[in-house]
Amino acid sequence: MLDIRRIREEPETIAAALARRGVDPDALEEVRALDARRRELITEGDELRAVQKQRSREIGGAGSPQEREALIAEVKKVSARLDELEPAQREAEEALEAALAVLPNLPHPEAPEGEEEDDAVELSAFGARPAFDFAVRDHVELGEALGIIDIPRGVKVSGSRFAFLLGHAVLLEFALVRYALDRLAPEGFTPVIPPVLTREEPLYGTAFLPTGAEQIYAVERDELYLVGTSEVPLAGLHAEEILDEADLPVRYAGFSTCFRREAGTYGKDTRGIFRVHQFDKVEMFSFCLPERSEEEHARLRDLQVDLLSGLGLHGRVVDIAVGDLGASAARKYDCEVYLPGQDAYRELTSASNCTDYQARRLRARYRDAEGENVLLHTLNGTAIAVGRTIIALLETHQRADGTVAVPEALQPHLGTEVLA
RNA sequence: GGAGGCGUGGCCGAGCGGACGAAGGCAGCGGUCUUGAAAACCGCCAGGCACCUCGCGUGUCUCGAGGGUUCGAAUCCCUCCGCCUCCGCCA
């Protein structure tokens with residue numbers, strides 16, 4: 001959610017920033033008109049309510065029966081007018097809220113121009129690109145041969161884009177999770193297992209709703225939703241709260257299963273487990289001071305690089321183009337890891353700085369030195385997307401005989417040096 | 001799922017139709033005192049929105065949520081939600 005006061009005070013600046021993301025200036029104009037209407041109704045309503053309260057008190061203070069009757073008659077008139085006004089006020093507020101809710105965050109001034117994935121700007125690279133003197137297999141071939149990924153049976157049980165992980169793949173998952181949590185703990189990230197079914201509020205707060213509803217599994221009967229990332233419950237953790245400045249930044253490493261409908265991705269990444277409806281992920285989430293969020297964003301990015309390169313993976317960091325940002329993000333860095341099976345760099349992790357956009361929706365604030373309540377900044381970044389990391393590990397560390405070397409960092413957790 | 005009880009500010013807890021956004025206490029913050037600390041004493045201490053003479057300003061809304069009665073509701077009525085106790089069921 002954008003700051004309505006800023007929209008009021010510097011509409012041209014906001015319009016220009018949103019234009020970079022392709023937002024129609026008319027949408028902003030509508031917001032301004034709705035805001036004006038709302039404020040008009042609030043002013044009128046507040047004045048009437050003030051009269052109503054004042055007169056009601058006077059009635060209590062006695063007077064003659066005649067005075068009393070006259071006052072009651074007057075108040076009734078005011079109340080009648082308010083009965084008309086209040087629904088109008090509520091509608092105006094809801095209309096403004098709805099119009100404001102669909103506007104995305106303002107992009108960071110340095111976020112690259114562009115509409116799509118290809119417009120991302122490469123910032124850096126990490127790890128050595130793997131070289132093979134044999135025909136590489138992809139993770140499906142490797143996983144099936146090793147008996148650790150079973151896609152046909154996943155489809156049998158749950159439909160397309162579902163799979164079973166078995167044996168070493170499961171141990172690999174737990175090793176990866178432990179590896180990530182161990183790396184993050186000294187950085188101040190508290191491990192969290194959040195609820196994966198949430199109410200509507202946290203989804204709205206993180207801006208997965210109302211835009212993006214088609215990506216979310218809904219349990220309608222109970223008015224709950226399956227989250228697509230633990231970003232949702234982690235953001236909700238401090239919703240409606242006012243944190244102490246001394247406690248900031250507050251960092252969490254959430255482990256959860258993630259559910260995504262992947263609507264509109266027919267035909268995209270249909271092979272293997274790259275794009276599935278259910279996967280597990282360790283997610284970093286930070287609540288921090290506004291003036292520290294850029295620094296925090298760089299920290300999340302660097303941790304991602306550290307985690308991936310620590311697994312012997314090769315990839316690059318890209319700065320996502322403004323047109324390709326999620327609604328909440330002002331800026332986003334992705335780590336794209338080289339997957340030998342696809343001979344391509346694919347997104348394994350992503351870190352977003354959502355500035356105060358989510359915090360405003362969530363009402364997550366802190367009290368500053370002057371005693372003012374100020375919106376926090378929120379950031380989220382993948383620590384380990386388990387499924388995709390397994391893909392990268394299998395494909396990167398495969399050997400001519402179809403076995404896979406286990407990176408040193410995982411060996412203690414996995415108890416083996418090779419998957420065979 | 002059944003029966004009963006309860007939902008008030010960061011916490012505890014009064015208030016049960018008229019000046020209540022709400023006594024009192026605790027915690028917190030500032031100050032006096034002190035070499036320092038403690039104690040004692042004094043003061044401050046919920047959030048949202050709107051407005052303006054932008055001030056430690058004015059108004060308005062919020063006592064689980066929503067609706068109703070009334071000139072007036074934290075207080076009365078209805079519905080819902082949550083928590084606690086007991087019973088049932090289940091892992």
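Here the structure is a predicted model, which means the values were calculated and not measured. Residue numbers start from 1 in every chain, and the chains themselves are labelled A, B, ... in the order their sequence lines are given, proteins ahead of strands. Excluded from the calculations below are hydrogen atoms, water molecules and symmetry mates; all remaining heavy atoms, backbone and side chain alike, are included.
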Student: Among the candidates A50(B), G59(B), G72(B), find the nucleotide nearest to the side-chain atoms of Ala50(A).
Tutor: G59(B)

Student: Can a salt bridge be assigned to the pair Arg251(A) and Glu296(A) using a cut-off of 4.0 Å between side-chain N and carboxylate O?
Tutor: yes

Student: Considering only NZ, NE, NH1 and NH2 on the basic side and carboxylate oxygens on the acidic side, decide whether Glu84(A) and Arg81(A) come within less than 4.0 Å.
Tutor: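 So Glu84(A) pairs with Arg81(A) through a salt bridge.
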
Student: I want to check one thing: is the phosphate of C71(B), taken as OP1 and OP2, less than 4.0 Å away from some side-chain N or O of Lys53(A)?
Tutor: no

Student: For Arg37(A), report the nucleic acid contact type (base, sugar-phosphate, nothing); a contact means any heavy atom under 4.0 Å.
Tutor: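 Here Arg37(A) touches no strand at all.
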
Student: Salt bridge or not between Arg6(A) and Glu10(A)? Use side-chain N to carboxylate O under 4.0 Å.
Tutor: yes

Student: Starting at CD of Gln52(A) and ending at P of A19(B), how long is that distance when rounded to a whole Å?
Tutor: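 The answer, rounded to whole Å, is 17 Å.
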
Student: Relative to the 5' end of RNA chain B, which residue comes earlier, Arg8(A) or Glu47(A), by the nucleotide with the nearest heavy atom?
Tutor: Arg8(A)

Student: Verify the neighbour count for atom CD of Glu115(A): are there more than 12 heavy atoms of other residues, nucleotides or ligands below 6.0 Å?
Tutor: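 No, because the 6.0 Å sphere around CD of Glu115(A) holds 12 heavy atoms or fewer from other groups.
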
Student: C1' atom, C87(B) versus G48(B): distance in rounded Å?
Tutor: 43 Å

Student: Mind checking if Arg363(A) touches a base, just sugar-phosphate, or nothing, with heavy atoms under 4.0 Å?
Tutor: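 Answer is nothing: Arg363(A) stays at 4.0 Å or more from every strand.
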
Student: Name the pairing partner of C49(B), where a pair is Watson-Crick or G-U wobble with both distances under 3.5 Å, or state none.
Tutor: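 Paired with G59(B).
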
Student: May I ask you to check if Arg153(A) and Phe164(A) form a cation-pi contact, with NZ or CZ under 6.0 angstrom from the six-membered ring centre and within 45° of the axis?
Tutor: no

Student: Counting heavy atoms from C-beta on, name the nucleotide in U60(B), G72(B), C51(B) closest to the side chain of Ser79(A).
Tutor: G72(B)

Student: Under 4.0 Å between any heavy atoms, over every strand shown, what does Arg55(A) touch: base, sugar-phosphate, or nothing? Just pick one.
Tutor: nothing

Student: For nucleotides C12(B) and A23(B), find the distance between their C1' atoms and express it as a whole number of Å.
Tutor: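 14 Å, rounded to whole Å.
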
Student: Distance between the C1' atoms of C63(B) and U75(B), in whole angstroms?
Tutor: 10 Å

Student: Taking A74(B) as the reference, what is the distance to G15(B) when you measure between their C1' atoms (whole Å, please)?
Tutor: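 Between the two C1' atoms, the distance is 8 Å.
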
Student: Roughly, in whole Å, what's the span from CZ in Arg90(A) to C1' in C49(B)?
Tutor: 15 Å

Student: Can you tell me how far P in C77(B) sits from the matching atom in C26(B), rounded to whole Å?
Tutor: 35 Å

Student: Quick one: is Arg199(A) getting a side-chain N or O under 4.0 Å of the C81(B) phosphate, OP1 or OP2?
Tutor: no

Student: Using atom C1' of each nucleotide, how far apart are G21(B) and G9(B) to the nearest Å?
Tutor: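 Comparing C1' positions in G21(B) and G9(B) gives a spacing of 9 Å.
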
Student: What is the pairing partner of U70(B), taking Watson-Crick or G-U wobble pairs with both distances under 3.5 Å in any strand?
Tutor: none

Student: Report the nucleotide, chosen from G18(B), C51(B), G47(B), that has the shortest atom-to-atom distance to any side-chain atom of Ser56(A).
Tutor: G18(B)

Student: Identify the nucleotide, in any strand shown, that forms a Watson-Crick or G-U wobble pair with A14(B), with both distances under 3.5 Å; if there is none, say none.
Tutor: none

Student: U62(B) phosphate, OP1 or OP2: any side-chain N/O from Arg49(A) under 4.0 angstrom?
Tutor: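 No, Arg49(A) has no side-chain N/O under 4.0 Å of OP1/OP2 on U62(B).
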
Student: Just name whichever nucleotide pairs with C44(B), Watson-Crick or G-U, keeping both distances under 3.5 Å, else none.
Tutor: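 For C44(B), the partner nucleotide comes out as G28(B), under the 3.5 Å rule.
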
Student: If you measure from the Lys or Arg side-chain nitrogens to the Asp or Glu carboxylate oxygens, is any gap between Arg38(A) and Asp35(A) under 4.0 Å?
Tutor: yes

Student: Does C51(B) have OP1 or OP2 under 4.0 Å away from a side-chain N or O of Arg39(A)?
Tutor: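 Checking Arg39(A) against C51(B): at least one side-chain N or O falls below 4.0 Å of OP1 or OP2.
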
Student: Taking the C1' atom in each of G72(B) and A19(B), what is the distance between them to the nearest angstrom?
Tutor: 11 Å

Student: Using the P atom in both, what is the distance from C51(B) to C45(B), to the nearest Å?
Tutor: 25 Å

Student: In Å, rounded to the nearest 0.5 Å, how long is the span from NE2 of His297(A) to CG of Asn380(A)?
Tutor: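 Going from the NE2 atom of His297(A) to the CG atom of Asn380(A) covers 8.0 Å.
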
Student: Taking only side-chain nitrogens and oxygens of Arg57(A), does any of them come within less than 4.0 Å of OP1 or OP2 of C71(B)?
Tutor: no

Student: Please state how far atom CD1 in Ile242(A) lies from atom P in C11(B), giving the value in whole angstrom units.
Tutor: 12 Å

Student: Atom CG of Asp46(A) and atom P of G59(B): how far apart are they, to the nearest Å?
Tutor: 11 Å

Student: Compare side-chain N and O positions of Arg365(A) against OP1 and OP2 of G48(B) and report whether any pair is under 4.0 Å apart.
Tutor: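 So the side chain of Arg365(A) is within the cut-off, an N or O lying under 4.0 Å from OP1 or OP2 of G48(B).
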
Student: Would you mind reading off the distance between Gln54(A) atom CD and A19(B) atom C1', rounded to a whole angstrom?
Tutor: 9 Å

Student: A39(B) pairs with which nucleotide, Watson-Crick or G-U wobble, both distances below 3.5 Å?
Tutor: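 Base-paired to nothing in any strand shown.
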
Student: What is the distance from CZ of Arg81(A) to P of C71(B), rounded to the nearest Å?
Tutor: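 Rounding to the nearest Å, CZ of Arg81(A) and P of C71(B) are 20 Å apart.
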
Student: Given that both distances must come in under 3.5 Å, which nucleotide forms a Watson-Crick or G-U wobble pair with G82(B)?
Tutor: C6(B)

Student: How close or far is atom P of C56(B) from atom CD of Glu372(A), stated in whole angstroms?
Tutor: 12 Å

Student: Can we say Lys268(A) and Glu262(A) salt-bridge, meaning some charged N sits less than 4.0 Å from an Asp/Glu carboxylate O?
Tutor: no

Student: For Arg5(A), answer base if it contacts any base atom (sugar-phosphate contacts may also be present), sugar-phosphate if it contacts only those atoms, and nothing otherwise; contact means non-hydrogen atoms under 4.0 Å.
Tutor: sugar-phosphate

Student: Closer to the 5' end of RNA chain B via nearest nucleotide, is it Val51(A) or Asp35(A)?
Tutor: Asp35(A)

Student: What is the distance, to the nearest angstrom, from the CE atom on Met1(A) to the C1' atom on G48(B)?
Tutor: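 So the CE-C1' distance, Met1(A) to G48(B), works out to 14 Å.
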
Student: With both distances kept under 3.5 Å, what pairs with A19(B), Watson-Crick or G-U wobble?
Tutor: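 Pairing partner: none.
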
